[in-house]
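Step one of this worksheet: look at the structure below.
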Amino acid sequence: MKTILILLNALLLAPLHAAEFTVGPGGFKTIGEGVAALNAGDTLTIMPGEYHEHVAATLAGTAEAPITIRSWRAGSVVMRGDVDLSG
């Protein structure tokens, strides 16, 4: 019984530690920076725009606390790894 209570407590508290991050004004400058900051349960919202970068990451979400990466609005984010960012 004690083990079940400990497991339930862990499952219920996991989402309380989740954070929400943004790529764009007021947040990270690049998607790569945002992805690097993610932990299990976190959400990264990418603001509209065209991002010139290559992102390579291994994300460690769990079934109980998945990592979510989403655009602020569907179809509003373009990520291009084929064009160098100038400036």
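Being a predicted model, the structure only gives us computed values, none of them experimental.
The two residues Lys29 and Glu33 come nearest to each other via the heavy atoms N-OE1, 3.2 Å. Between Ser71 and Gly75 the shortest heavy-atom distance is OG-N, 4.4 Å.
A continuous path of Ile, Leu, Val, Met, Phe, Trp and Tyr side chains, each step under 4.5 Å between heavy atoms, connects Phe28 with Met79, placing both in one hydrophobic cluster.
Trp72 is not listed as a side-chain neighbour of Val77, based on a closest heavy-atom distance of 4.5 Å or more. Residues Phe21 and Asp42 form a side-chain contact, since some pair of their non-hydrogen atoms from C-beta on lies under 4.5 Å apart.
Put simply, OG on Ser76 and CE on Met47 are 8.0 Å apart, with the number rounded to the nearest 0.5 Å. For the atom pair CD1 (Ile46) and CD1 (Ile69), the distance works out to 6.5 Å, reported to the nearest 0.5 Å.
Under a 3.5 Å cut-off, the side chain of Thr22 and the backbone N or O of Gly24 do not form any donor-acceptor pair. Judged by distance alone, with hydrogens and angles left aside, the side-chain atoms of Glu20 form no donor-acceptor pair with the main-chain N or O of Leu44 at under 3.5 Å. In terms of modelled atom types and a separation under 3.5 Å, the side chain of Glu53 and the main chain of Thr30 share no donor-acceptor contact.
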(request) For the pair Val35 and Leu59, evaluate side-chain contact (heavy atoms from CB on, under 4.5 Å) and give the outcome as yes or no after the intermediate values. (result) CA-CA 8 Å; Val35 168; Leu59 303 175; 3.6 Å; yes

